[in-house]
Amino acid sequence: MNINFNSDFLDIMYERGFIHQVTDKENLKKAIHKGCIPGYIGFDCTAPSLHVGSLVQIMMLRWFQKTGNKPIVLMGGGTTKIGDPSGKDTARPLLSNEKIKENQNSLRTVFDKYLNFGNAENDAVMLDNSEWLEKLNYISFLRDFGSSFSINKLINLESVKIRLEREQNLSFLEFNYSLLQAFDYLKLNQDYSCKLQMGGSDQWGNIVTGVELVRKKTSESVYGLTSPLLTTSSGAKMGKTASGAVWLNSNQLSDWDFWQYWRNTEDLDVIKFIKLFTELPLDEINRLEKLKGAEINQAKIILANEVTKLCRSEEAANKISVSSENVFNRKETNETLPSINVADNQISLIDALKSLNFVQTNGEARRLIRGNGAKVNDYVITDENQILKIEDYEKKSIKISSGKKKHGLLKFS
C-alpha cells in the first residue's frame with residue numbers, strides 16, 4: 001500500500017514505521033504545511049533514565065524538529081505523582097518531590113543528545129507540568145473542567161478497562177491521570193500554540209481525551225499521533241532483557257552493554273530497528289535488507305554503531321566497534337568492556353559473574369560454570385569454587401566471559 005501524506009514529517013513517520021494511529025490526518029497534514037507547528041510528548045520522571053522502549057518517541061521528536069517543527073518535551077513532574085495506569089497491573093510507587101526532580105535532571109541529558117534546545121522558532125523546549133498542575137485548585141478544576149469529561153468514555157479507556165476486567169485495583173488517584181494529561185494538552189495549546197501530541201499506542205485514549213478537551217474549551221482543532229507498541233520478533237517487549245532494562249543513560253548502563261544490545265538484535269528485527277532508531281537513508285537501508293545469512297551481521301554492526309553514536313557518542317561507538325571485533329577474535333581486550341574493581345586482590349568466579357551482572361544468583365552462576373559457559377581470559381573454567389587471585393595473572397586485569405556474547409574485566413587494585 002502506498003500512502004503519501006505530502007508532508008516531510010508524516011512521510012518519514014510512515015516510511016520508517018512510526019505510525020500506528022492518527023487523528024484527522026488530512027487536517028494535520030494541512031496544519032503542518034502551513035509552517036512550523038509545536039508538538040509534544042510527555043515523559044514521566046519515574047526513573048533516572050528512560051529505556052530503549054522510549055527511544056521511538058524520542059526519535060519522533062527528533063524527526064519532528066529536523067522537518068522544521070518545534071518539539072516540546074514535557075516532563076511529568078506533576079503527573080509522576082499520580083501514576084499512569086497504562087500498561088500497568090498495579091499502581092506505581094509514589095516518589096518524593098526530591099526524587100522526581102533528581103530523575104528529571106538526569107533525563108535531560110539524553111534529550112540534549114537528540115534535540116537542539118534554544119530560542120529559535122523550531123528549537124526544542126523542555127517544560128514541567130508541575131508548574132501548572134501543582135497550582136490547580138481541586139474544586140475549581142472540577143467546576144471548570146469536570147463536565148467536559150465523560151465517565152462512560154473514561155472507563156472504556158484501554159488502561160482503565162483492562163484493570164477492571166481483571167478485577168485489579170485501580171485507585172481514584174490513577175483514574176485522574178487521563179484528566180490531567182488532557183489538561184496538559186489544553187495548557188500547551190493555550191500557552192505554546194501546541195497542535196500535536198504524540199506517544200505510544202498505549203496513550204491513544206489519553207491523547208484523544210486531550211484532543212476533545214481542547215476542542216470543547218477553545219473550538220480549536222488539534223491532533224494526536226501514536227506509534228505502534230514495539231516488540232521483538234520473538235514477542236519480547238522492547239527495552240527489556242533477562243538481565244534488566246536497557247537504559248539510555250550511560251550511568252545506568254555501560255556503553256559496551258548498550259552497543260552489544262543492538263549488535264545482538266534478532267535477524268528479523270534488524271531492518272525495522274534501523275528504520276526506527278537511525279537516520280540512515282532509506283536507499284541504504286534497502287541495500288542492507290538484501291543481506292542474507294552471516295552477512296546480516298554487517299547490518300547489526302551498523303545498527304549498533306548508528307544508535308550508539310546518537311545516544312552515547314561517536315567516540316564510544318567507534319571504540320566499542322573495534323573492541324568488540326578484538327574480543328570476538330580473541331585478540332587483546334581494551335578498556336571499553338564493562339569492568340569491576342577488586343579491592344582484596346582476589347574474588348570468587350561466582351562473585352565476579354554476579355558483580356558483572358552476567359548472572360543474578362549463585363545458582364545461575366553454578367549452572368553457567370557446569371555448562372562450560374564461564375571463561376577467564378578465553379579459557380573455560382569448570383571449577384565452581386574457582387578463586388581468581390592477582391598473583392595468578394601477569395596483568396592487573398583479566399577478561400571474564402559468559403557465553404559468547406557477554407564479556408567484562410576484573411581490575412585488581
Tell me whether the count of non-hydrogen atoms from other residues, nucleotides or ligands lying under 6.0 Å of CD in Glu315 goes above 12. no
If you measure only the distance, is there a donor-acceptor pair under 3.5 Å linking the side chains of Thr79 and Gln181? no
In Å, rounded to the nearest 0.5 Å, how long is the span from CD1 of Ile82 to CG of Asn176? 6.5 Å
Are the side chains of Glu384 and Arg370 in contact, using a 4.5 Å heavy-atom criterion? yes
Exercise: identify the closest heavy-atom pair between Lys113 and Leu310: CB-O, 3.6 Å
Output, in order, the C-alpha distance, side-chain angles, deciding distance and verdict of side-chain contact (heavy atoms from CB on, under 4.5 Å) for Leu154 and Leu157. CA-CA 5 Å; Leu154 290 174; Leu157 292 178; 4.0 Å; yes
Thr232 backbone acceptor or donor facing Glu266 side chain under 3.5 Å: no
Does any part of the side chain of Ile387, heavy atoms only, come nearer than 4.5 Å to the side chain of Ile347, both counted from C-beta? no
Output for pair (Ile100 CD1, Leu95 CG), nearest 0.5 Å, gives 5.5 Å
Just wondering, are more than 12 heavy atoms of other shown residues or ligands nearer than 6.0 Å to NZ in Lys216? yes
Got a donor-acceptor contact below 3.5 angstrom from the Asp128 side chain to the Ser130 backbone? yes
What's the verdict on side-chain contact (heavy atoms from CB on, under 4.5 Å) for Phe183 and Leu133, showing C-alpha distance, side-chain angles and the deciding distance? CA-CA 9 Å; Phe183 184 77; Leu133 295 182; 3.8 Å; yes
Name of the residue among Val52, Val56, Asp269 meeting side-chain contact (heavy atoms from CB on, under 4.5 Å) with Leu230: Val56
Could you check if a side-chain atom of Phe149 sits within less than 4.5 angstrom of a side-chain atom of Glu212, using non-hydrogen atoms only? no
What verdict does the side-chain contact (heavy atoms from CB on, under 4.5 Å) test give for Arg366 and Asn385, after you've listed the backbone C-alpha separation in whole Å, the side-chain angles of each residue and the deciding distance to 0.1 Å? CA-CA 9 Å; Arg366 293 184 187 280; Asn385 299 311; 4.0 Å; yes
Has Thr80 got a side-chain atom pairing as donor or acceptor with Cys45's backbone, closer than 3.5 angstrom? yes
I want to check something: taking the side chain as every heavy atom from C-beta on, are Leu180 and Asp184 in contact at a cut-off of under 4.5 Å? no
Please tell me whether Phe277 and Trp262 form a close aromatic pair, meaning their ring centres lie under 6.0 Å apart. yes
Any heavy-atom pair between the side chains of Met126 and Met75 that's under 4.5 Å? yes
Look only at the side chain of Asp123 and the backbone of Ala120, and say whether a donor-acceptor pair between them is shorter than 3.5 Å. yes
Between Asn129 and Gly77 (side chain of the first, backbone of the second, donor and acceptor by atom type, cut-off under 3.5 Å), is there such a pair? yes
Chi angles and distances behind the ring-ring contact (aromatic ring centres under 6.0 Å, His included) call for Tyr40, Tyr185: CA-CA 9 Å; Tyr40 92 98; Tyr185 201 172; 5.6 Å; yes
Would you say Lys81 and Leu94 make side-chain contact, with heavy atoms under 4.5 Å? no
So does Glu306 get a backbone contact from the side chain of Thr278, meaning a donor-acceptor N/O pair under 3.5 Å? no
Check whether any side-chain heavy atom of Met13 lies under 4.5 Å from a side-chain heavy atom of Phe64, and answer yes or no. no
Would you say the side-chain atoms of Thr209 pair up with the backbone N or O of Gly205, donor to acceptor, closer than 3.5 Å? yes
Tell me whether Ser250 contacts the main-chain N or O of Asp255 through its side chain, where contact means a donor paired with an acceptor under 3.5 Å. no
Does Glu295 pair with Lys290 as a salt bridge, N-O distance under 4.0 Å? no
State whether the side chain of Asn286 and the backbone N or O of Leu282 hold a donor-acceptor pair below 3.5 Å, judged by distance alone. yes
Under 6.0 Å from the ring centre and within 45 degrees of the ring axis: does the NZ or CZ of Lys195 meet both conditions for the six-membered ring of Tyr223? no
Any donor and acceptor pair, going by atom type alone, linking the side chain of Gln65 with main-chain N or O of Asn122 inside 3.5 Å? yes
Do Ser348 and Asp351 meet the criterion of a side-chain donor-acceptor pair at a distance under 3.5 Å? yes
Within the 3.5 Å criterion, strictly below it, is a donor on Asn362 or Lys354 matched to an acceptor on the partner's side chain? yes
In Å, rounded to the nearest 0.5 Å, how long is the span from CG of Leu288 to NZ of Lys275? 11.0 Å
Please report the C-alpha distance between Phe111 and Phe117 in whole Å, then the side-chain angles of each, then the deciding distance to 0.1 Å, and finally whether the ring-ring contact (aromatic ring centres under 6.0 Å, His included) criterion is met. CA-CA 9 Å; Phe111 290 100; Phe117 290 87; 7.4 Å; no
Between Asn264 and Lys300, is there a side-chain donor-acceptor contact under 3.5 Å, judged purely by atom types and distance? no
Ion pair check, Arg287 and Glu284, cut-off under 4.0 Å: yes
When you compare the side chain of Ile41 with that of Val73, does any pair of heavy atoms fall below 4.5 Å? no
